[in-house]
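Quick caveat: nothing in here was measured; it's all calculated off a predicted structure.
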Amino acid sequence: EAQVTQNPRYLITVTGKKLTVTCSQNMNHEYMSWYRQDPGLGLRQIYYSMNVEVTDKGDVPEGYKVSRKEKRNFPLILESPSPNQTSLYFCASMALDRGYSGNTIYFGEGSWLTVV
Amino acid sequence: LAKTTQPISMDSYEGQEVNITCSHNNIATNDYITWYQQFPSQGPRFIIQGYKTKVTNEVASLFIPADRKSSTLSLPRVSLSDTAVYYCLVGGMDSSYKLIFGSGTRLLVRP
């Protein structure tokens, strides 16, 4: 079954304590991305990756890091979390074999992060 | 990614047909039109995709006029469980490879 798996699904942490949200996909997709969703603000892209070792900033990258050492994994790292990073986070992946258009985006189930 | 315009919200009643229109005046020749559905606290999921004319699957229909500057997602006989946010995406990515979602249309189905 095609899946994008995120962990943890729920986390409460304290300000400044480094945390990592893992994301793994089993579809051999080239493109992976992280979004955050806040009430009234829709889905905002944090970082994305076109392939292994290729990452770039989305619209709201401040306070986040990512890495893409393997094709299937794309962890999101919060080096020093702050309360304004409390949000619902989604990982997504997509193939790039149809020239970027015409492909389907697959999303994970989401990770609720609360920073106190 | 072509800029899209959708209504912010729509209301309907169970059993009715719902049509959500998306405008995309600057759609490119090779752009596909894809609709996603998002339930609260869940990731968006693919509903339907098309390039031109009409596409139908078990969930919805997608109508695309000849000029392709708009598209209409049609949900037949909606139920309460169709209450969700619906996003229209046109094309794959912009020139910087960002994949950006618009605000979507919040559909509320009432009993």
Task: Set of residues satisfying ring pair (Phe, Tyr, Trp, His ring centres under 6.0 Å) with respect to B:Tyr87, sequence neighbours excluded - done: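 Ring pair (Phe, Tyr, Trp, His ring centres under 6.0 Å) check on B:Tyr87 returns B:Phe101.
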
Task: Interface moiety of A:Ile105 toward chain B, non-hydrogen atoms closer than 4.5 Å - done: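 For A:Ile105, heavy atoms of backbone and side chain both lie under 4.5 Å from chain B.
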
- [ ] Please flag which part of A:Gln37 lies under 4.5 Å from any non-hydrogen atom of chain B: side chain, backbone, both or neither.
- [x]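 Contact with chain B: side chain only.
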
- [ ] Measure distances from B:Tyr36 to the heavy atoms of chain A and classify the residue's part below 4.5 Å as side chain, backbone, both or neither.
- [x]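 Side chain only.
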
Open item on the list: How about CD on A:Glu109, more than 12 heavy atoms from neighbouring residues, nucleotides or ligands closer than 6.0 Å, or not?
Closed with: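 No, not enclosed.
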
- [ ] Name the option with the most non-hydrogen atom pairs under 4.5 Å to chain A; the candidates are B:Ser103, B:Ser41, B:Gly50.
- [x]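 Going by pairs under 4.5 Å, I would pick B:Ser41.
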
Task: Pair B:Asn19-B:Ser74, side-chain donor/acceptor within less than 3.5 Å - done: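 Short answer, yes.
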
Task: salt bridge (Lys or Arg N to Asp or Glu O under 4.0 Å) partners of B:Arg45, counting only residues at least two apart - done: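 Salt bridge (Lys or Arg N to Asp or Glu O under 4.0 Å) check on B:Arg45 returns nothing, list empty.
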
